[in-house]
Amino acid sequence: MPSSPRSARPAPAPNEPGSAALSDVPADWPALWEQVLAAREGRAVPASRRATLAWRADGGWCIRGPVSARAAALFDLYKPLLDARAARGAPWVVAQMGQSLDGFVATATGDSYYVNGAHSLVHLHRLRALCDAVLVGAGTVAIDNPQLTTRRVPGPNPVRLLLDPEARLDGTSRALRDGQSPTLWLCDARHAARARERLGRGAPGAEVLPVAGLSAGPGEARGPDARRLLAALAERGLRVLFVEGGGVTVSRFFAAGVLQRLHLSVAPVLVGDGRRGLRVPAREVMAECPRPPARLVVLGDDMLWDLDLAALG
């Protein structure tokens, strides 16, 4: 299932941090981003009088020519996604988590608008544009009702994946109904009939994708079978995937060992109590705790940790 073509994007909602708040996007970044999109889509990279993307003989995209330090840092953040697409190998998965200094993605009442600032939101939309599909869990759909589009940046909308193994959603979320991009309601094959009944008609571009063995069943703590899910999506041609949330879903994909990259965006805010962000399997001694190679990228007031999980083996 291909991603939808580029189209005019609606303006951010009134309660979203506005693009006017962006302060550190360098002047040479928009032209470089257009080249990134061309590489992502397999088109010829447009020539430039300044910096131009090129494919190295030993593999991997690089910048040739002068470029600002800030634009180079942003390119380095997205380069692994471009290289993964060109490799055409096994499914490649990046996850993003935005949380407070004390590790929460929302308050105790579920309010999450907005933990991170405008720069981090734009970054999230860039990730969507560079991936075949974006995935969120049923809890995020029920609470936040996200659009999962690229309305903040030029680039194609991804296929939207709603992970709901037990088919608990009511089928009315806007990702299933707005027709902005193809959408798959992912559930265990045992519950596909219920999901299809709830989806009914009036859902352009949306369909139920049953996955045998996706659900661990009631009372099981391990969550959906991530590897089985990735295999089913790869059969659909969806190979470069973005796990956007929520905290439980990202944490389960981390625990399953299927993430190649994790972008952890930390905002300078203290929540005190609420919905937890990233959770990882506990270790008894510090020497056993995973310590992946990391880069720190400033996104406005937020600090993004770019974690290379693939290097952990």
Side-chain angles (χ1 to χ4, degrees), residues 6-13 16-56 59-86 94-99 114-131 134 149-158 240 242 244 261-269 293-308:
R6 296 188 220 179
S7 60
R9 304 292 194 262
E16 293 185 9
S19 59
L22 299 181
S23 58
D24 66 348
V25 177
D28 56 347
W29 174 250
L32 190 59
W33 176 248
E34 282 298 317
Q35 295 185 45
V36 168
L37 289 177
R40 174 253 188 269
E41 297 167 4
R43 296 185 283 111
V45 174
S48 172
R49 295 180 180 178
R50 295 178 59 81
T52 301
L53 293 191
W55 182 258
R56 296 195 312 263
W61 288 97
C62 66
I63 301 175
R64 290 179 179 168
V67 65
S68 68
R70 179 61 179 168
L74 289 174
F75 171 76
D76 287 343
L77 192 58
Y78 304 119
K79 168 181 160 57
L81 284 79
L82 293 182
D83 291 349
R85 179 175 298 280
V94 59
Q96 190 268 355
M97 174 70 66
Q99 62 185 45
Y114 274 90
V115 174
N116 295 106
H119 294 82
S120 289
L121 288 175
V122 168
H123 167 67
L124 183 148
H125 285 230
R126 291 179 187 138
L127 288 179
R128 292 174 183 173
L130 293 179
C131 290
V134 56
T149 61
T150 58
R151 60 195 178 277
R152 287 176 172 267
V153 299
N157 286 326
V240 179
F242 172 28
E244 184 171 318
R261 212 85 182 185
L262 173 62
H263 291 180
L264 187 64
S265 185
V266 181
V269 61
R295 283 193 317 124
L296 191 59
V297 180
V298 177
L299 294 178
D301 292 332
D302 301 333
M303 304 298 288
L304 183 140
W305 290 93
D306 175 21
L307 306 175
D308 183 4

Measure the [atom1]-[atom2] distance between [X] and [Y] for me, rounded to the nearest 0.5 Å.
| X | Y | atom1 | atom2 | result |
| --- | --- | --- | --- | --- |
| Leu77 | Leu127 | CG | CG | 7.0 Å |
| His123 | Arg152 | NE2 | CZ | 13.5 Å |
| Leu82 | Cys62 | CG | SG | 11.5 Å |
| Arg56 | Asp83 | CZ | CG | 7.0 Å |
| Thr52 | Ile63 | OG1 | CD1 | 10.0 Å |

Report yes or no: does [X] contribute a side-chain atom to a donor-acceptor pair with the main-chain N or O of [Y] at less than 3.5 Å?
| X | Y | result |
| --- | --- | --- |
| Thr150 | Gly155 | yes |
| Arg40 | Leu81 | no |
| Trp33 | Arg126 | no |
| Asp28 | Val67 | no |
| Arg128 | Thr149 | yes |
| Gln35 | Ala51 | yes |

At their closest point, which heavy atom of [X] faces which heavy atom of [Y], and how far apart are they?
| X | Y | value |
| --- | --- | --- |
| Val266 | Asn116 | C-ND2, 4.2 Å |
| Ser265 | Ser120 | OG-OG, 2.9 Å |
| Leu130 | Arg85 | O-NH2, 3.0 Å |
| Val94 | Cys131 | CG1-SG, 4.0 Å |
| Leu32 | Ala71 | CD2-O, 4.0 Å |
| Pro26 | Leu74 | CD-CD1, 4.3 Å |

Checking salt bridge (charged side-chain N to carboxylate O under 4.0 Å, His left out) against Asp308, which of Lys79, Arg261, Arg295 comes through?
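For Asp308, the salt bridge (charged side-chain N to carboxylate O under 4.0 Å, His left out) test succeeds with only one of Lys79, Arg261, Arg295, which is Arg261.
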Results of ring-ring contact (aromatic ring centres under 6.0 Å, His included) for Trp55 - residues two or more places apart only:
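Trp61.
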State, yes or no, whether a side-chain contact exists between Arg70 and Val297 at a heavy-atom distance under 4.5 Å.
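When only atoms from C-beta onward are counted, Val297 and Arg70 do touch, with a gap below 4.5 Å.
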Kindly say whether the aromatic ring centers of Tyr78 and His263 come within a distance under 6.0 Å.
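No: the rings miss the under 6.0 Å criterion.
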Taking only residues two or more places apart in sequence, or in another chain, which ones meet Pro268 in a side chain to side chain contact (heavy atoms under 4.5 Å, CB included)?
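In terms of side chain to side chain contact (heavy atoms under 4.5 Å, CB included), with neighbours along the sequence ignored, Pro268 is linked to Asp301, Asp302.
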More than 12 non-hydrogen atoms from neighbouring residues, nucleotides or ligands closer than 6.0 Å to CH2 on Trp305, yes or no?
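Not more than 12 within 6.0 Å, no.
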